Each structure stands twice: as C-alpha cells, then as structure tokens.
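Everything numeric here is computed off the predicted structure, so don't read it as measured data. Proteins come first, then strands; the chains are lettered A, B, ... in the order of their sequence lines, and each starts at number 1.
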There are 2 protein chains.
Amino acid sequence: MAASVTLNDVAKAAGVSIASASRAINGLDNVTEEVRERVLAAAGKLKYVPHGAARALAMSRTNTIGVILPDIYGEFFSEIIRGIDVGARASGLHILVSGSHGDVKEAVKAARAMAGRVDGLLVMAPYADADDLSGKLPFNLPLVMMGGVGGQADLPSLVVDNYSGALEAVRHLHEQGCRRIAHIAGPESNLEAQDRLRGYLDGLKEAGLSPQVLPGDFTDGAGYAAVQTLLAQEQMPDGLFAANDMMALGATLGLREAGVSIPDDIAIIGFDDIPVTRYASPPISTLRAGVFDIGRRSLELLSALIERGSAEASASAASLIVRPELVVRASSRRR
Amino acid sequence: MAASVTLNDVAKAAGVSIASASRAINGLDNVTEEVRERVLAAAGKLKYVPHGAARALAMSRTNTIGVILPDIYGEFFSEIIRGIDVGARASGLHILVSGSHGDVKEAVKAARAMAGRVDGLLVMAPYADADDLSGKLPFNLPLVMMGGVGGQADLPSLVVDNYSGALEAVRHLHEQGCRRIAHIAGPESNLEAQDRLRGYLDGLKEAGLSPQVLPGDFTDGAGYAAVQTLLAQEQMPDGLFAANDMMALGATLGLREAGVSIPDDIAIIGFDDIPVTRYASPPISTLRAGVFDIGRRSLELLSALIERGSAEASASAASLIVRPELVVRASSRRR
DNA sequence: TTGTACGCGTTATCAC
DNA sequence: GTGATAACGCGTACAA
C-alpha cells in the first residue's frame with residue numbers, strides 16, 4: 001500500500017516547487033517562513049521521510065562509514081564497535097558493519113559492496129598480507145586500518161605494539177619469579193599473534209629461559225586444550241602467557257578444574273584486557289591495548305580524513321601506534 | 001584522486017553502450033560472450049566498483065537491513081548481533097546498525113535515517129511504549145520487533161516469555177530449599193524487566209513467601225550494589241534472582257568478596273544466558289532466552305517479509321514467543 | 001524568494 | 001544482441 005511518499009508529493013501538497021520543499025526541509029534560510037510551515041506541515045501529514053540512497057547519490061555524501069571486522073561479536077570486537085559507535089555518534093555518522101569471517105576474499109567483497117554507500121572505510125584484517133589488500137581495497141575511499149602490523153601498505157592506521165606488549169608480559173612473569181614460562185599462541189596466520197609470539201621468544205631469550213609454545217586460535221577452547229597438554233607433561237610450567245585473554249580464561253578454567261593453584265603454582269597473563277578478565281576468578285592479568293580507544297580513535301582519524309577530502313591521505317599516513325599497558329591482577333601477583 | 005570510475009567509463013573503454021556494460025557486469029544472458037569479456041576486462045583494468053546508492057535508487061532494493069538496538073555492544077547485544085549476522089549472511093544481506101542509547105527519540109531518528117537505505121528494519125526497544133513507536137516507526141518498511149512485550153502494536157515480533165521465565169526461576173530456587181528469595185530488578189521503564197518482576201512476585205505468592213525487591217539497571221555494578229544492601233541487613237536472603245546475568249555476576253563478585261558461600265549460603269540465578277555466565281565462579285544458573293536465536297530468527301522473519309513484498313505484514317503478525325529454558329549451574333545447585 | 005532543469009550512477013523498457 | 005532513453009528521489013546552479 002502506498003509507495004513511499006517523495007519530496008515531490010510533499011511539494012505538491014504544499015503547493016510549492018520541489019526545490020522550495022527541499023530547501024524548507026533542509027532548513028536553508030532562503031525560504032519564506034510561511035512556505036516553510038506549509039511544507040513542514042505537509043511533510044508531517046504525509047509522513048515524509050527523505051530517501052537515503054537518493055540523497056546520497058545527489059550529494060555524494062552518505063554520512064555513513066563502513067566497518068569491516070573479522071567478526072562482529074565477542075568481547076573483543078564488541079569493545080571495538082563500542083569505540084567506533086561513540087566516535088561515530090560524536091561525528092553524526094552511521095555505521096555499516098560487516099564481518100569478514102577471517103577471510104581476505106570476504107573482506108574485499110564486503111568492501112566492494114559498501115562502495116557508494118559509505119564515506120569511508122574502517123577495516124581490521126589481521127590475517128591479511130599487506131599486498132593482498134593494498135591493491136584491492138581502496139576504491140578511492142578514505143580508509144583507516146585497525147590493528148594489523150605497523151605501516152601496513154602505507155595506509156593510515158592504528159596499530160597496537162604487540163611485540164613490546166608481549167615482551168613486557170614475559171618480563172612481568174619473570175619478575176614474579178617464574179622460570180618456566182610457556183606461551184599459548186594465536187592463529188599462525190594472524191599478524192598480531194605473530195608479533196606477540198616474537199615478543200615472547202625474545203623475552204625468554206633475554207631472560208635466558210627456554211621457551212615452550214603451544215598452538216592456539218584465540219578461543220577459550222584453545223586455552224583449555226593447551227593446559228591439558230601441559231598437565232600431561234612431567235613438569236608443569238610456572239608461568240603462562242596467552243596470546244589473548246580468551247585463551248588465558250580457558251586456561252584458568254582448565255587449571256582450576258585440575259586443582260592447580262593460580263598464581264601460586266602457575267602465574268597467568270593474557271592480552272587485550274577484554275571486560276571478562278575482571279570477572280574471572282582469579283581476575284586475569286593482561287595487557288591493556290585499549291580496545292575501546294582503538295575503535296574510537298580510528299574513527300576520529302577516518303572522520304578527519306573524510307573532512308579534508310582525504311586529499312593526501314597516505315601522506316599523513318602517520319600510523320598511530322598504541323603501546324599496551326600492563327595490568328596486573330590476581331592471576332599473576334605473587335607477592 | 002580521480003573521481004570514482006562509473007559504469008559509463010567502463011562502457012566507453014570497452015566500446016559498447018552503457019546498457020550492454022550493465023548487462024555484462026550483472027551476468028545477464030543476453031550478451032555476446034565477446035562483449036562480456038571486453039566489458040569485464042575494462043572493468044577490471046579501471047577498477048570499477050558499482051555504486052551502491054545509485055543501484056539502490058534504480059532497483060529500489062538495497063540488500064541491507066537496518067538494526068536498531070538500545071546498545072550495540074556488551075555480551076547481550078553482541079549475541080543478538082551474532083544471530084543477525086549469521087542470518088543475514090545466509091540471505092546475502094548487509095547490516096546497518098545503530099544504537100538508540102535507550103532513548104525512544106533516538107530510535108525513531110535512527111529509523112528515519114535508515115529510510116531508503118535498507119529493505120527492512122529490525123528493532124529492539126524494550127523501553128518504548130507501544131504507541132510511541134507504532135505510529136512513528138514504520139515508514140512503509142517491513143519491520144520486525146525484537147523483544148519487548150508480546151503483540152506490541154500489532155507488529156510482527158519475536159518476544160521472550162519473560163514472565164514464565166521468572167516464574168520458573170523462582171520455582172527452581174524454591175525447590176532448592178530457598179525460603180527468603182530476593183530479586184534485583186531491571187530498569188523500571190524496561191518492559192521486559194517489568195515482566196520479570198511480575199513473574200518473581202507471582203512466584204513468591206505461589207510459594208507463600210514474602211518478596212524483597214532491590215533496584216537495578218542491568219549492569220554488574222547494580223548487582224554489586226544490591227548485595228551491599230543485603231549484607232547490611234539483619235538477615236540475608238538465601239536465594240537471589242537477578243533480572244539479568246550481568247547483575248547476577250556483579251552480585252556473585254560482591255558476595256564472594258564478603259566471604260558468603262554460593263550456593264550454600266545463598267543460591268543465585270540470572271536471566272539471558274550470556275556467555276560470561278559459564279566463566280564465572282561458580283558458573284551462574286540462568287534462563288536461556290536463546291539470545292543468539294532471537295537475532296537469527298528475527299532476521300529470518302524479516303527476510304521472509306521482505307521477499308513476499310511485506311504484503312500483509314501485520315496479517316501474519318504471528319508474534320513468535322520464545323519460552324526460556326532453565327539452565328542450572330553451580331550457583332544454584334544445592335544437592 | 002521561488003521555480004526550472006540538470007546531474008548523481010544504475011537499471012529497465014523499449015525500439016532497432 | 002544491442003543501444004538510446006526514461007525512470008529512481010533528491011540537491012542545486014541558474015534564471016526569473
């Protein structure tokens with residue numbers, strides 16, 4: 001019933017031209033007060049709502065930014081999205097999200113689908129080789145990369161210093177008296193996980209300890225599985241650095257189940273500082289990457305790029321580097 | 001630089017008409033194989049990407065659905081979004097999200113901004129009076145309400161049977177031997193919280209017990225604060241039903257801090273079954289509303305409405321009612 | 001101040 | 001099969 005009412009209908013109902021109707025509705029000042037009222041009244045009665053796509057086409061401006069994440073749920077991404085939401089709100093922008101499900105092809109596909117529907121792109125693709133994206137992604141659109149390794153493809157980006165974070169985690173465990181420190185790694189193809197692994201290895205070298213790396217995939221299940229491996233060996237480690245908080249959480253569950261005391265028998269630290277770390281028992285030490293801030297600041301950066309026409313986008317490609325902050329909680333505090 | 005390349009550019013480069021170019025790119029069959037190849041080659045070389053808004057305008061079809069939630073982060077909404085994402089993916093739809101921040105005006109505003117940019121709307125507005133929305137929201141757009149009270153404004157919807165869920169929670173605690181059962185309520189203006197409160201009150205009446213209701217706002221902080229109140233009174237309750245899981249979680253933290261044993265001294269149960277309940281210690285009993293499924297099924301419902309042109313949308317406004325399922329974990333298991 | 005007419009990038013309907 | 005051309009709904013020079 002009733003195809004949606006257009007500006008034309010409103011103009012007709014108000015007895016003015018479509019141009020005047022447009023002006024009145026958009027609050028331009030070159031309209032008689034009387035005309036404005038007539039138009040607004042008509043619009044109200046007809047329940048007129050501007051057609052987004054048409055407006056976007058005419059103004060080549062959507063007031064929407066596209067967000068492409070590996071996934072759009074879970075503690076980690078949820079925090080990212082929150083940051084983006086807050087920033088977007090402040091800038092009067094809307095958000096078109098899409099999950100790439102860890103696939104580069106999907107990410108590119110999503111980006112293509114967003115062309116002409118967003119003013120800029122915020123993408124996080126930690127698994128992607130820089131070259132995989134650089135050529136295919138930017139369709140003359142302002143773009144900011146979140147996470148990933150530094151200076152990825154010369155795109156403006158916000159990255160976490162995963163390497164020094166990992167280094168700090170190891171040093172912390174060492175200071176707490178740990179001498180056999182194991183690591184639960186993230187997905188092999190994940191660039192951030194790779195950096196964290198490097199930091200761990202260098203940290204152990206620095207301390208003169210020998211490393212033990214267990215495979216993982218960033219899920220709590222992987223953390224749980226990893227401790228099963230550890231429990232089966234002759235000697236347990238006395239320190240455990242998980243590449244992210246979810247795996248640290250899974251590890252604590254497994255250890256508690258086995259009656260291992262945390263942090264006395266084994267100290268644990270994660271990475272990211274997602275909310276649930278505070279609710280775990282014991283609360284889990286971690287490295288606060290400022291997930292929320294990453295989202296918010298990325299959006300601000302993108303927003304700025306959009307405003308200035310994204311002129312020399314890559315010129316000012318000053319990749320902001322976020323240095324994670326050590327957060328010590330009960331899971332690793334031994335004194 | 002270089003204004004984005006259009007279909008016209010591609011057509012010109014391939015030496016065909018814009019119409020043929022369109023056909024070739026959209027895979028229609030009435031094109032010579034040779035023309036198709038020329039067009040595709042040109043498109044590839046020019047890095048052509050279809051303009052979403054223009055396509056939407058021409059086809060009056062966006063392949064996008066708008067999602068309006070009170071918030072777009074946190075465990076609960078994250079799960080909803082996950083469900084929607086899965087459903088959307090299956091239907092080849094994109095998602096335009098917006099948080100209303102608990103404000104009806106904001107929700108309506110968001111919906112207006114989405115007009116002409118989406119094919120349908122998925123909205124959750126638990127604080128909204130049915131009448132507040134029914135008139136202002138549907139701009140000739142297929143719409144499905146998530147949550148809220150049943151049959152809200154005759155719109156097709158997916159609602160949780162909060163009342164019987166709450167009733168079941170109370171019965172469970174009673175069966176476990178609890179005789180002084182307190183309730184931490186949700187926000188007063190929240191319709192779902194109201195239903196849960198009703199269920200609680202009727203449940204206590206049924207058991208012949210006297211109720212104690214503490215105020216809350218669905219945050220863990222509120223749960224924590226509520227137990228401080230309880231700890232200060234002469235006699236502690238021996239059972240606690242929180243209107244949602246986050247408050248139940250906050251309550252367990254407060255109680256553990258005070259050295260109160262769960263579930264021996266006090267049994268606890270929440271509502272919603274968000275992921276974190278499983279990681280808490282002890283794991284928290286709850287009522288599984290199937291948050292994920294609500295998202296997914298809402299989308300499926302909406303998708304169906306869109307396909308069939310939303311003809312008699314409200315005719316088939318068969319509000320699907322989800323009956324929550326009791327999930328007993330350590331926090332309330334006394335035997 | 002107001003109205004006319006064109007353009008935004010695509011799709012779809014025609015003739016050819 | 002292919003190519004003009006009219007929508008789609010709106011903003012906006014430009015002219016009046």
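- Toward the 5′ end of DNA chain C lies the nearest nucleotide of A:S20, the other residue of the pair A:S20 and A:A54 mapping further downstream.
- Both A:P50 and B:V35 lie near DNA chain D, and the one whose nearest nucleotide falls closer to the 5' end is B:V35.
- A salt bridge between B:R297 and B:E300 is absent, with no side-chain N of the basic residue lying under 4.0 Å from a carboxylate O of the acidic one.
- Of the two residues near DNA chain D, B:G15 and A:L57, the one whose nearest nucleotide lies more 5' is B:G15.
- Under 4.0 angstrom from either OP1 or OP2 of C:dG3 there lies at least one side-chain N or O belonging to A:S17.
- Two residues are said to be in side-chain contact when any heavy atoms from C-beta on lie closer than 4.5 Å; B:V159 and B:V322 fail this criterion.
- Protein atom CD of A:E37 is 16 Å distant from nucleotide atom P of C:dT1, rounded to whole Å.
- In this structure the side chain of A:L7 never reaches within 4.5 angstrom of the side chain of A:R55, judged on heavy atoms.
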Decide side-chain contact (heavy atoms from CB on, under 4.5 Å) for A:V35 and A:R23; before the verdict, give the C-alpha distance in whole Å, the side-chain angles of both, and the deciding distance to 0.1 Å. CA-CA 10 Å; A:V35 169; A:R23 288 188 274 254; over 6 Å; no

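- Taking every heavy atom of residues 22-31 of chain B and every atom of DNA chain D, pairs under 4.0 Å involve B:R23, B:N30, B:V31, by number.
- The residue B:V49 sits close only to the backbone: its heavy atoms come under 4.0 Å of sugar-phosphate atoms, none of a base.
- Rounded to whole angstrom, the span from the CG atom of B:N63 across to the P atom of C:dT10 amounts to 16 Å.
- Note: CG (B:L7) to P (C:dC8) measures 14 Å, nearest angstrom.
- Residues B:V123 and B:M146 are not in side-chain contact: their nearest non-hydrogen atoms beyond the backbone lie 4.5 Å or more apart.
- Note that CG of B:D119 is 11.5 Å distant from OG of B:S91, once rounded to the nearest 0.5 Å.
- Rounded to an integer number of Å, the gap from CG of B:D9 to P of C:dG9 is 9 Å.
- Between B:R55 and the phosphate of C:dT11, there is a side-chain N or O to OP1/OP2 separation shorter than 4.0 Å.
- Comment: B:R61 engages B:E307 in a salt bridge, judged by a side-chain N to carboxylate O separation of less than 4.0 angstrom.
- For the OP1/OP2 pair of C:dT2 and a distance below 4.0 Å, the side-chain nitrogens and oxygens of A:T32 include at least one atom meeting the criterion.
- In 5' to 3' order, the nucleotides of DNA chain D bounding all contacts with chain B (an atom under 4.0 Å from a heavy atom) are D:dG1 to D:dG9.
- A salt bridge links B:R296 with B:D293: the closest approach of a Lys/Arg side-chain nitrogen to an acidic carboxylate oxygen falls below 4.0 angstrom.
- The shortest distance between side-chain heavy atoms of B:T64 and B:L93 does not fall below 4.5 Å.
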